[in-house]
Amino acid sequence: MTATLPLVPLPRSVSPSDGAPFLLAARTPLIAESDAAAAARRILSAATAQTLDLPTDPLPSSPAITLTHTSDIGPSGAYRLRSAVGGLEISAADAPGLAAGLHTLTQLLEPVTDGWEVPALLIADTPRFAYRGLMLDVARHFFPVDDVCAVIDRAASLKLTHLHLHLTDDQAWRLELQAHPALTDAASASAVGGDPGGFYTREDYERIVAYAADRHLTVVPEIDLPGHTHAVGLAYPHLAADPVVTPQLAAEAAARGEALPAAGTPYTGLGVGFSSLRLDDEATFDFVADVLGELARLTPGPYLHLGGDEAFGTAPEEYDAFLSRVTQLVADLGKVPITWHDAGRADVAPETIGQYWGLTTPDSEAAEAAQAFVHRAGGVILSPADAVYLDMKYDDDTPRGLTWANGPTSVRRAYEWEPASLVDGITDDDIVGVEAAVWTETIDDLVGLDAMMFPRLAAAAEAAWSAPLGSDPDRSWESFRRRVGGLGPLWRRQGIAFHPDGRIPWAKG
Ligand code: TNX
């Protein structure tokens with residue numbers, strides 16, 4: 001039964017009932033507290049591409065939508081939804097749970113002449129992992145605040161909880177800081193391919209954080225250190241080491257017809273791993289402490305991401321000492337540090353969370369680095385690159401995208417992996433969550449983001465929310481492709497320019 005309803009991520013339990021469907025119309029009464037009522041009007045209006053009044057009426061004479069708080073449902077995000085001809089009720093212990101139930105409701109809507117039908121059923125649903133993330137790279141290409149807000153809406157609709165913003169890289173520095181305006185003055189105008197740049201003012205950043213919070217998402221800002229820092233050298237030449245141009249980097253740049261990185265010149269190519277801050281100079285540590293201090297004050301969420309990936313231009317002992325010191329600094333600021341798994345080999349602060357970006361079949365180095373976070377206290381966020389790096393091409397014909405993560409990533413490959421079977425010894429208790437990542441070397445607008453994210457972000461959301469792969473007949477590729485295909489009409493109404501993948505039976509409408 002579930003397989004015929006377009007529900008993604010797959011709920012824990014769906015029990016159809018025999019009765020007639022509930023009818024949602026613009027004037028359906030709503031019984032809810034004011035915040036929940038506002039969320040319901042916003043979510044359901046977006047999903048129907050129609051302004052729904054849903055007047056609040058404590059004693060309605062016609063079938064109503066009721067949103068109620070109950071304490072017997074947990075954890076955060078869990079909800080129950082009961083639909084019958086006489087009324088539709090969503091109950092949850094918290095606002096994220098009510099919102100999750102409302103997003104499920106959007107997936108059940110079937111257009112009819114006088115409104116939208118919802119089949120009679122009972123859903124009891126609860127998330128598997130508390131951290132369900134999406135990373136957006138705003139450094140390689142810049143995305144205006146409105147696009148970031150659109151991405152937040154998309155993430156919220158799949159019940160994600162965290163938006164990780166990759167704010168800095170070799171190509172640019174995108175966040176204005178009061179103590180260091182030189183960073184955005186000197187290093188925000190560029191982007192990959194010489195495309196236009198941009199940056200977020202502190203007010204822009206606060207707007208993004210607030211917009212996300214309204215939709216129950218926490219922003220996780222990343223300042224990538226000590227590599228991926230060529231842009232810092234445009235503002236502060238004395239803090240940046242000279243680019244390390246390996247024969248491989250030079251050959252790849254030549255093959256793409258790109259200029260090599262040069263100190264003091266904006267970098268617009270696709271190369272990685274050539275830059276480093278100067279770690280033999282205390283001035284670098286003062287700078288990093290300043291930047292992270294200001295970022296911590298700007299960020300209400302508990303996490304700061306420090307990058308730590310691909311620092312091939314940094315001597316290993318210096319890298320280890322830097323990561324150890326800077327993760328401790330973040331902990332002292334009262335935040336939980338997150339790093340890419342590369343930092344697992346360093347003696348990082350014990351609560352540091354490692355973000356695994358190796359393949360679904362890990363090599364021993366990546367596996368050991370990830371396991372190190374579990375042996376300390378932090379645990380891991382899983383972002384296997386050949387499954388949830390949404391900047392990979394779907395197939396050889398995809399116009400945008402890269403292929404380094406084991407070739408193109410089909411929707412099926414994005415779907416068919418199981419978090420607890422990824423890295424030896426890392427099981428549910430060690431997994432903080434799952435995060436999809438969209439790097440933007442080849443993506444420069446919202447239409448491009450949509451095409452690369454959808455439908456694969458839905459597969460990542462299911463890995464993060466639903467029970468383990470194979471634990472239920474519907475937690476399978478065959479069921480997923482039918483369920484996700486049924487979301488085509490909803491996504492079109494929501495203005496999502498999804499990739500019409502040929503292996504998915506897309507519903508008309
Ligand atoms: C690897 S994953 C990177 C990024 C690139 C991405 C492109 C990781 C931690 N680093 O710098 O943008 O691949 O797919």
Side-chain angles (χ1 to χ4, degrees), residues 133-143 164-174 191-193 195 220-231 243 248-249 252-253 256 258 261 267-276 305-314 319 323 337-346 352-360 362-363 365-366 369-370 373 380-394 398 400-409 413-414 434-444 448-449 452-453 456-457 460:
L134 170 64
M135 190 216 76
L136 176 65
D137 171 11
V138 295
R140 271 53 177 272
H141 277 102
F142 177 69
F143 296 86
H164 165 183
L165 286 176
H166 184 78
L167 291 165
T168 65
D169 213 300
D170 293 315
Q171 292 82 355
W173 186 285
R174 303 287 185 210
V192 163
D195 289 339
V220 180
E222 177 185 357
I223 302 293
D224 203 346
L225 301 166
H228 290 272
T229 45
H230 182 83
Q248 192 194 341
L249 184 90
E252 288 171 3
R256 291 190 294 257
E258 291 168 4
Y267 181 67
T268 60
L270 268 66
V272 292
F274 57 82
S275 59
S276 181
H305 201 305
L306 300 172
D309 56 316
E310 300 175 318
F312 310 134
T314 313
Y319 173 90
L323 263 299
I338 306 180
T339 66
W340 296 104
H341 76 240
D342 314 41
R345 64 182 164 87
T352 306
I353 295 170
Q355 185 166 7
Y356 175 78
W357 62 282
L359 301 181
T360 47
D363 61 48
E365 201 182 329
F373 291 95
V380 290
I381 293 168
L382 299 175
S383 303
D386 52 347
V388 299
Y389 267 27
L390 306 183
D391 60 315
M392 294 298 128
K393 289 178 181 293
Y394 289 87
T398 312
R400 301 172 186 85
L402 304 175
T403 54
W404 68 261
N406 207 11
T409 296
R413 196 160 89 185
V434 170
E435 182 166 287
V438 48
W439 301 96
T440 57
E441 286 94 333
T442 63
I443 305 169
D444 63 1
L449 288 173
M452 297 305 274
M453 292 193 300
R456 292 180 298 189
L457 185 60

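First listed ligand is number 1; within each ligand, the first listed atom is number 1. No hydrogens, no waters, no symmetry mates; every other heavy atom, side chains included, goes into these values.
Listed by chain and number, the residues in a salt bridge (charged side-chain N to carboxylate O under 4.0 Å, His left out) with D224 amount to none (sequence neighbours excluded). Remark: T442 engages no residue in a side chain to side chain donor-acceptor pair (under 3.5 Å) (not counting sequence neighbours). Partners of Q248 by side chain to side chain donor-acceptor pair (under 3.5 Å), not counting sequence neighbours, listed by chain and number: E252.
With respect to F143, the side-chain contact (heavy atoms from CB on, under 4.5 Å) criterion is satisfied by exactly one of L165, D444, D137, T440: T440.
Protein residues with any heavy atom under 4.0 Å from ligand 1: R140, H228, V272, D309, E310, W340, W357, Y389, D391, M392, L402, W404, W439, E441.
With a 6.0 Å cutoff to the six-membered ring centre and a 45° limit on the axis angle, R456 counts as a cation-pi contact of Y394.
Using bins of under 30°, 30° to 60° and over 60° for the plane-to-plane angle, the ring pair W357/Y389 lands in the parallel bin.
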